[in-house]
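First comes the structure, then the notes that go with it.
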Amino acid sequence: MTRAATEGQDDKYKVIIATDCGSTTTKAILIEYKNGEYRQTFRGEAPTTVEAPFEDVTKGVLNSIQEIEELSGRKILDGDKVITPANGEVGVDAYISTSSAGGGLQMMVAGAIKTMTAESAQRAALGAGAIVMDVLASNDKRLPHQKIERIRQLRPDMILLSGGTDGGTVTHVVELAEYIAAADPKPRLGIGYRLPILYAGNNKAQEQVKEILGEKMELVITENLRPTLERENLMPARLEIQNLFLEHVMAQAPGYKKLIAMTSTDIMPTPGAVGQIMQTIAKMNNINVIGVDIGGATTDVFSVIGEIFNRTVSANYGMSYSISNVLADATLENVMRWLSFDIDEKDVRDRIKNKMIRPTTIPQTLDELKIEQAIAREALRLSFDQHKLLAVGLKGVQQTRSLSDVFTQEESGQSIIKMLELDMIVGSGGVLSHAPRRSQSMSMMIDSFQPEGITSITVDSIFMMPHLGVLSKINPRAATEVFEKDCLIYLGTCIAPVGMAKDGTKIMDYKIKMGDKVISESINFGELKFYHLGPDESAEVELSPLKNFDVGKGAGKTHRGTIKGGVVGLVIDGRGRPLIVPSDQKLRKQRITEWNKAMDLYPKY
Amino acid sequence: MAHAYTPGLRVAKKTIIRKKRILPLKGDVVKKVGDRVLRDEIVAKTDLPGEVHTVNIVNRLGIMPDEINNYMLKKVGDTIAKDEIIAESKSFIKWFKTKIESPISGKIESISPVTGQVLLREPPRPVEVHAYLNGTIAETIPREGVVIESVASFIQGIFGIGGEVWGPLEFVAKAPSEALDASKLNASHKGKILVAGSFASFEAINKAISVGATGLIVGGIRDGDLRQILGYDLGVAITGTEKVGITLVLTEGFGEIAMADRTFNALKAREGAIASISGATQIRAGVIRPEIIIPYDDEDAKSALCDEGGEAQSVKPGDSIRIIRQPYFGKIGVVHSLPPELQAIESETKARILEVIFPDSPKPVVIPRANIELIQE
């Protein structure tokens, strides 16, 4: 049930406490309206208490809020209740929360055709904040009994069934419903409750689906997520997923009923909230944004390009629990290409496995840090590749595509994320937010995302995007102000001409005017240059790429404009796109050393 | 702050273990509270629904889906035998009839007039849950399983592969730092759970499998060897279902690393006793570590319970610790001091640290607190 009454009331809430219940840590932040602006003022954290011996998520929440009480002097709790509304230094106006504790929301999705309804269903589930365990389709090349066996083995929190356009053929979607009914899958949490299943397919098949699944499962029917071939309608399914998450899945997790009663608005799945804030920011500033949150187990990628929002989760790419999987998929060779020193292959393998089994250890030596950051580059690259594969095709309800487009979705997918049109990359997660030098975060993001043209690179200072995502539902102004002032750290701007040339040949002349100083230089292919440009500074640039290179205005066309600085500065990346690390070992090591030196990444290169 | 807390794996010489034994689906619990059970006894059982097979009748008979019931010879719920005819076309001439036979023995699950598909289900498969360790039923969870209580030595490993097995413990290393010598393994090790020291190579593990050992407990193995044993690169540490012919429990990690004295001695004290071990590991929210449980069969021994290494232990100056990450991985030292403030370490990461003295150097060395494990002897 959505508490819409509380939404959109904006300035009614001047003091807000927000928590994010993660798998391991519950993080609380306090947001206050002071001197005419909203600021994040205090932060507290405590271990999450979903598992034994506590088995009550609210204990960790109360502990994290208590830490804020101690730091701020504000009395927020009365026993285990949040005092509302705020009155002077007592109480808050609202308490809001997100959650990914207990492994988040795990779903299986099904659709008639793999590249059509099944893909739309996958986008709906991911956008709502779920991890998609498997995508089932009539034409996924698995035999019927293999599909049934797979459904039975998985223990999802919820199933999303779609298929067919409204009024079209019902056969495929009914067939999928029959398989699901035969498999009779059990929910992951709670042995005794009925698995929620959301039907968002052909409206003509609703009765048949009800007949097949209605008695066995907790069936909810919503609008078709693909009412016609050229129209995708994901929002009703996404909202229904979040409702079911709250009512069924979270209600099974220990202490959540209490938590739901404590909050002023609905609890959101953490990635759903991060997606929300990304969309708010992109819309308010009218920019295209790509965001990434790299954790220990999973990496989430978000993109807001024009009106289109996409989110993917790479469930097995991360920096601790899943580190070994990054190595397995990226290959050791690709990890080691970012290192300027030699290391025994067997030794690296053992080190990475040891990080996996002891995930809380930290790199003590510089070489260990460099290895971890090399792995991060590969984890980010792989996750972004996966994102690009899914951020394809239809463009929301308003978008109309011609029938000829409908059958070539994978190809049209290339056109959704155009790096030259991207304005900003936002990084989040330990390896990016807590890198010893901010230049390391910037370098990791440039190497893995390979921005083209002119792109701002930023990081989330202390991982508060989830909190701000829920906040944007009840007070969008507070959410954007805090995002701009306290959450987002501008690292700087990356200018990368797109094209390929012979190593060492000139690819661009440029002029940079910073205050009274004017720099007139050029960059050769394979080079990386760096200039200090502070967080409150900007520069006028005139970029004149050579005829085969493009910085956003077309090949060989000059671009004039203003760029923003940051805590790192301005990077001019002449390494070409796609970025190719030399295969010759001697040259590769020399290049890595030069690039590291240019950005002053480490105390020793 | 003069102390810090570090997570540790449990090594208990004698403790009370409560082990949940739960069915995958609801079923019948066959033991009651107070019953003594042996490791190979069944404590709960259920029937898993049989596999489902599909037959598309309408395609095979060339009819419309809504006509299907006119052609079916069986209805939902009917029992069928393999090759029994379940549907046939209508024809005046017997030889022109198309007959559809059942590919399995079982029951008709559903007949769909929408898709024209008939689902057939095989008979249910029984599933039984064994006690896994000797003990007493302390609790029953209606229709789900039991909790078994046992006085036992309990040791957690850091990583493992393979499922639950049991057998007598036999040492194949004289010291914790001794690597497993494959040539020492022979037919007498069949059915045993072997305890090696610091390291087992691919050859040694293979030899253990070939002589029929059921389990191997060792300090470390190489990741490359694990890949060869499994036949693939293990990406995520969720294990326990591997079928490689042996259950493997690593007590320390990857590489050659001496088994902790405390673990080695706790196991040595129980040499010859029957251990129940599992390699199941899950390093995610809700961590599962591999385990070695060695019950004391004289249950009156409850009075003599020993202390154990808890899960969150306090570290103080003078404590023995082990380093669990490079550059001192595996080294043992003594805590010299625990400065409270954050310090920048070589990687420039700001972290809480402690100073350690190693036996081979009198000068204290700085180590991040996140990179140590407490050793309690």
Side-chain angles (χ1 to χ4, degrees), chain A residues 23-24 48 50-51 101-103 143-145 148-149 152 170-172 174-175 178-179 181-184 186 191-192 205 208 212 297 316 321-322 324-329 345-347 349-369 434 436-437 602-603, chain B residues 7 22-26 48-49 51-54 56 65 109-110 112 114-117 119 121 143-144 158-159 220 222-224 226-227 232-237 250 253-255 281 283-287 324-329 344-351 366-368 370-373:
Chain A
S23 293
T24 47
T48 295
V50 170
E51 288 166 22
L143 294 168
H145 73 272
I148 294 168
E149 198 49 37
R152 191 152 81 178
V170 298
T171 320
H172 292 310
V174 169
E175 188 180 80
E178 285 170 358
Y179 295 155
D184 196 13
K186 299 294 170 211
I191 202 166
Q208 280 116 324
I212 298 165
N316 288 323
Y321 305 107
S322 309
S324 202
N325 202 49
V326 177
L327 179 73
D329 286 2
E345 185 182 317
K346 284 182 184 165
D347 192 35
R349 284 190 170 280
D350 286 344
R351 284 185 195 211
I352 292 172
K353 277 284 188 303
N354 280 323
K355 168 84 180 183
M356 174 184 81
I357 60 174
R358 290 187 167 96
T360 54
T361 59
I362 60 173
Q364 176 165 8
T365 66
L366 195 57
D367 285 355
E368 288 258 300
L369 179 78
H434 303 306
R437 293 185 184 191
Y602 303 106
Chain B
I22 300 290
L23 289 163
L25 290 175
K26 288 200 173 191
L48 275 187
E51 271 190 35
V52 176
H53 296 253
T54 55
N56 200 310
E109 169 98 357
S110 67
S112 175
V114 178
T115 61
Q117 196 150 238
L119 302 188
R121 192 180 289 276
R143 303 197 57 207
E144 291 185 30
I158 189 90
F159 175 81
R222 294 221 79 150
D223 175 47
L226 176 70
R227 198 162 40 135
Y232 56 90
D233 206 346
L234 184 82
V236 181
L250 310 189
F254 289 89
T281 310
I283 308 169
R284 282 271 166 128
V287 174
I324 54 172
R325 186 146 180 179
Q326 269 73 14
Y328 302 103
F329 188 53
I345 51 179
E346 187 201 318
S347 61
E348 294 186 330
T349 308
K350 283 198 174 142
V366 168
I367 308 282
N371 294 359
I372 65 140
E373 236 170 37

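Lettering follows sequence order; numbering is per chain, from 1.
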Need one label for [X]: side chain, backbone, both or neither, based on atoms under 4.5 Å from any heavy atom in chain A.
| X | answer |
| --- | --- |
| B:E109 | side chain |
| B:L119 | side chain |
| B:I367 | both |

Please report the closest heavy-atom contact between [X] and [Y], naming both atoms and the distance.
| X | Y | result |
| --- | --- | --- |
| B:T115 | A:V174 | CG2-CG1, 3.8 Å |
| B:T349 | A:P436 | OG1-CG, 3.6 Å |
| B:E346 | A:Q364 | CB-O, 3.4 Å |
| B:A370 | A:T361 | O-CG2, 3.6 Å |

Measure the spacing between [atom1] of [X] and [atom2] of [Y] and express it to the nearest 0.5 Å.
| X | Y | atom1 | atom2 | value |
| --- | --- | --- | --- | --- |
| A:E368 | B:F329 | CD | CZ | 10.0 Å |
| A:D350 | B:R222 | CG | CZ | 4.0 Å |
| B:K350 | A:I362 | NZ | CD1 | 13.0 Å |
| B:D223 | A:K346 | CG | NZ | 11.5 Å |

### Query
Is the backbone N or O of A:A182 less than 3.5 Å from a side-chain atom of B:R121, with the two atoms forming a donor-acceptor pair by type?
yes
### Query
Does the side chain of A:E178 come under 3.5 Å of the side chain of B:S110 through a donor N or O and an acceptor N or O?
no
### Task
Report yes if the side chains of A:M356 and B:F159 come closer than 4.5 Å at any heavy-atom pair, otherwise no.
yes
### Task
Please examine the side chains of A:K353 and B:L234, heavy atoms only from C-beta on, and report whether any two atoms are closer than 4.5 Å.
yes
### Task
Before giving the answer on side chain to side chain contact (heavy atoms under 4.5 Å, CB included), spell out for A:R349 and B:D233 the whole-Å C-alpha distance, their side-chain angles and the decisive distance to 0.1 Å.
CA-CA 10 Å; A:R349 284 190 170 280; B:D233 206 346; 3.3 Å; yes
Option that, when pairs with chain B are counted at under 4.5 Å, heavy atom only, ranks first among [options]:
| options | result |
| --- | --- |
| A:T171, A:I357, A:I148 | A:I357 |
| A:E149, A:H172, A:R351 | A:R351 |
| A:H434, A:R152, A:E175 | A:R152 |
| A:L366, A:N354, A:V170 | A:N354 |

### Task
Select, from B:S347, B:G220, B:G255, the one with the greatest count of heavy-atom pairs under 4.5 Å involving chain A.
B:S347
### Task
Name the option with the most non-hydrogen atom pairs under 4.5 Å to chain A; the candidates are B:Q117, B:H53, B:E51, B:Q326.
B:Q326
### Message
Need one label for A:P363: side chain, backbone, both or neither, based on atoms under 4.5 Å from any heavy atom in chain B.
### Response
both
